[in-house]
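We count ligands from 1, going down the list as the structure has it; atoms in each ligand are counted the same way. Just so we're clear, the structure is a prediction, and the values are computed from it rather than from any experiment.
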Amino acid sequence: MSAHAPPIPMTAQASGPLKGVAEVPGDKSISHRALIFGALSVGRTQVTGLLEGQDVLDTAAAMRAFGAHLTRQAPGAWTIDGVGVGGFCEPETVIDCGNSGTGVRLIMGAMATTPITATFTGDASLRKRPMGRVTDPLALFGARAHGRTGGRLPMTIIGAADPVAVRYATPVPSAQVKSAVLLAALNAPGESVVIEREATRDHTERMLAGFGAEITTETTPEGRVITLTGQPELRPQAVAVPRDPSSAAFPVCAALIVPGSEVRVPGVSQNATRNGLFTTLVEMGADITFENPREEGGEPVADLLVRHSALCGVEVPPERAASMIDEYPILAAVAAFAEGATTMRGVRELRVKESDRIDAMARGLEACGVTVEEGPDFLIVHGRGAEGVPGGATCATHLDHRIAMSFLVLGLAAQRPVSVDDGGPIATSFPIFETLMTGLGATIRRDA
Ligand code: S3P
């Protein structure tokens, strides 16, 4: 939904100890996939714990436009009556994916090997983001794309009438690109192969196997080699969406920096392709206990008990980037409170997220009195340790939910209040952020 909404300025200020249980909503990546795989199955898929953030609602609307029937039975509980692989019909209107790179890229993949035409658009943030990384491999299947200069939205995809199987090595570490190729491969006869040098989140592979596709993953010297046999009949599933570790990151990090805090965050994914932030925080000296390890919705999870901690700066290994790619903004905020520098290298991909996240974090941290260094693919935050973070600034969020939440969390432990120019985009991924955080004792308000 890319209609221009009026900005919602918000302010966070130094708060008393955060206490309580933070039950974060469903995983955004898995929620998108549950709707798309449900739409590509024959029969009724039941989803519980679906994230009802705007990004996912936009994907739901898109699945309806392609012919699937989706019904919201109760909060987070949806049914999807799918049309089967290759069964998408041609949408009558433009598909508006709002703020969501995952939504638009996965859906482009899902329709690219069906002989239909669809036009995609999004909000001002999404219209700036590169789509060539997806349309290049989709062309190998026989699909054609016509977009704006630089491969930007709005863009029309003409699906391949006679798709062929492909072998594709992803040039960037991106689960969206990998997933778009796998979704396209679903309706191409024969075996398609995707190779990724660095492991990215593997929800597509796990869920495809769950929906009955023939898919294998091998770890080789070339990287992860994923082989998918095309034209399966996907079987509808009951999908229990686990909580989103990328949302859990915000109450976890807030508890670490607000003195006296003790917060429990249940059911946080321990999937190795998603848990890089928690590894990094422990290396920084975070007091986090991982309790009750178990499986939920096919994902390994644990309950986290997090206490305020004295943190020290670390060097984050570049090979960890893919497993915490969405968590660098909040890590940068936390790093401002640590003793010493935190160095984040190999993070070029941050420049093409909902905003240029290296630039957004660097400018906001500077405005809050924190020294940073940045380059094309690195960010170094010089932690202020015992001196504390001055704050007292308004940070620009550039329609980026994670930038907004990161600076609001920073404001909870800064010396002076920290504002963001627009907290509206928080609703794309974490609609209950404000209620959940204030429920723990955080002082966060909407400015008139
Ligand atoms: C996602 C993949 C990542 C991540 C995004 C969700 C996904 O993007 O940043 O929030 O669900 O596949 P890239 O694939 O561009 O790294």
Asker: Tell me whether Arg144 at atom CZ has more than 12 heavy atoms from other residues, nucleotides or ligands lying less than 6.0 Å away.
Answerer: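 No, CZ of Arg144 has 12 or fewer neighbouring heavy atoms, counting only those of other groups under 6.0 Å.
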
Asker: Does any pair with a residue in residues 326-335 pass side chain to side chain donor-acceptor pair (under 3.5 Å), and if so which ones, sequence neighbours excluded?
Answerer: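 Qualifying pairs: Arg201-Asp326, Ser246-Glu327.
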
Asker: Does any N/O atom on Ser179 come nearer than 3.5 Å to any N/O atom on ligand 1?
Answerer: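 No.
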
Asker: I want to know if ligand 1 touches Leu106 in the polar sense, i.e. an N/O pair below 3.5 angstrom.
Answerer: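 In this structure, Leu106 places no N or O atom under 3.5 Å from an N or O of ligand 1.
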
Asker: Just by distance, with hydrogens left out, do Asn271 and Thr273 show a side-chain donor and acceptor under 3.5 Å apart?
Answerer: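 Thr273 and Asn271 do have a side-chain donor-acceptor pair below 3.5 Å.
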
Asker: Closest non-hydrogen protein atom to atom 10 (O) of ligand 1, residue and atom name please, with distance?
Answerer: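 Ranking protein heavy atoms by distance from atom 10 (O) of ligand 1, first comes Asp326 OD2, 2.7 Å.
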
Asker: Out of all atoms in ligand 1, which are within 4.0 Å of some heavy atom of Lys353? Include the element for each.
Answerer: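 Under 4.0 Å from Lys353, ligand 1 has these atoms: 3 (C), 4 (C), 8 (O), 9 (O), 13 (P), 15 (O), 16 (O).
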
Asker: If you measure from the Lys or Arg side-chain nitrogens to the Asp or Glu carboxylate oxygens, is any gap between Glu52 and Arg72 under 4.0 Å?
Answerer: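 Looking at Glu52 and Arg72, the cut-off is met.
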
Asker: Going by heavy-atom distance to atom 12 (O) of ligand 1, choose the closest among His203, Arg33, Lys178.
Answerer: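 Looking at heavy atoms only, the winner is Arg33.
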
Asker: Using a strict 4.0 Å threshold on nitrogen-to-oxygen distance, state whether Asp27 and Arg274 make a salt bridge.
Answerer: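 Result for this pair is yes, salt bridge flagged.
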
Asker: What protein heavy atom lies closest to atom 14 (O) of ligand 1? Include the residue and the distance to one decimal.
Answerer: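 Ranked first by proximity to atom 14 (O) of ligand 1 is Ser174 OG, 2.6 Å.
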
Asker: Can you sort out which atoms of ligand 1 are near Ile325, meaning under 4.0 Å from one of its heavy atoms?
Answerer: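 Selected atoms, number and element: 9 (O).
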
Asker: For ligand 1, is there an N or O atom under 3.5 Å from any N or O atom of Arg105?
Answerer: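 N/O-N/O distance under 3.5 Å: no.
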
Asker: Does the side chain of Thr204 pick up a donor-acceptor pair with the side chain of Arg33 at under 3.5 Å?
Answerer: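 Arg33 and Thr204 do have a side-chain donor-acceptor pair below 3.5 Å.
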
Asker: For ligand 1 and Glu349, I'd like to know whether there is a polar contact (N/O to N/O, distance under 3.5 Å).
Answerer: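 It does not: no N or O of Glu349 is found under 3.5 Å from an N or O of ligand 1.
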
Asker: Output every pair passing salt bridge (Lys or Arg N to Asp or Glu O under 4.0 Å) with a member in residues 175-190, not counting sequence neighbours, ordered by first then second residue.
Answerer: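 Salt bridge (Lys or Arg N to Asp or Glu O under 4.0 Å) check on residues 175-190 returns Lys178-Glu196, Lys178-Glu205.
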
Asker: Considering only the protein, which heavy-atom contact is closest to atom 11 (O) of ligand 1, and what is its distance?
Answerer: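 Protein heavy atom at minimum distance: Ser29 OG, 2.7 Å.
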
Asker: Within the 4.0 Å heavy-atom shell around Thr102, which atoms of ligand 1 are there?
Answerer: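 Counting atoms of ligand 1 from 1, those under 4.0 Å from Thr102 are 1 (C), 5 (C), 6 (C), 7 (C), 11 (O).
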
Asker: Determine whether more than 12 heavy atoms belonging to other residues, nucleotides or ligands lie under 6.0 Å from atom NE2 of His69.
Answerer: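 No - once you tally the heavy atoms of other residues, nucleotides and ligands closer than 6.0 Å, there are 12 at most.
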
